[in-house]
Amino acid sequence: VILSSANKKLNPIPNFVFLQGQGKPGKKVLVHGATGGAGQATVQLAVGGNMDVVGTAGTKEGVDAVTKNGASAVYHPRDRGDALKKKGIV
């Protein structure tokens, strides 16, 4: 499951509705834009649903914030597929 919070301003409700229908414990969820308000809320909702959350963050501070919210992995949006494989994300 891939959820983008980058264009949702501070409204995580569409992601919440999707997670309620599609989210299953243990399911891997990628939250693009995990450092913004909607992204952080989406990460927290997915973690609360016992999903395996991977987030994107463009700064060290963002990585720290997304990790603090419970994501199992965080990567920079410009990471290439081979870098993600090395990190065990894909």
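What's counted below: heavy atoms across the whole structure, side chains too, no hydrogens, waters or symmetry copies. Throughout, residue positions are numbered sequentially from 1 according to the sequence presented.
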Peer 1: Can you tell me how far CG of Asn69 sits from CG of Leu45, rounded to the nearest 0.5 angstrom?
Peer 2: 10.5 Å

Peer 1: Which donor-acceptor pairs under 3.5 Å do the side chains of residues 48-57 make with protein atoms, sequence neighbours left out?
Peer 2:
| unit_1 | atom_1 | unit_2 | atom_2 | d |
| --- | --- | --- | --- | --- |
| Asp52 | OD1 | Ser72 | OG | 2.4 |
| Thr56 | OG1 | His32 | ND1 | 3.3 |
| Thr56 | OG1 | Gly33 | N | 2.8 |

Peer 1: Carefully, step by step, assess Leu30 and Tyr75 under the rule side chain to side chain contact (heavy atoms under 4.5 Å, CB included).
Peer 2: CA-CA 10 Å; Leu30 169 64; Tyr75 75 95; 3.6 Å; yes

Peer 1: Just to verify, which of Val43, Thr67, Thr35 counts as forming a side chain to side chain contact (heavy atoms under 4.5 Å, CB included) with Val74?
Peer 2: Thr67

Peer 1: Quick one: which residue pairs count as a salt bridge (charged side-chain N to carboxylate O under 4.0 Å, His left out) with a foot in residues 67-76, not counting sequence neighbours?
Peer 2: none

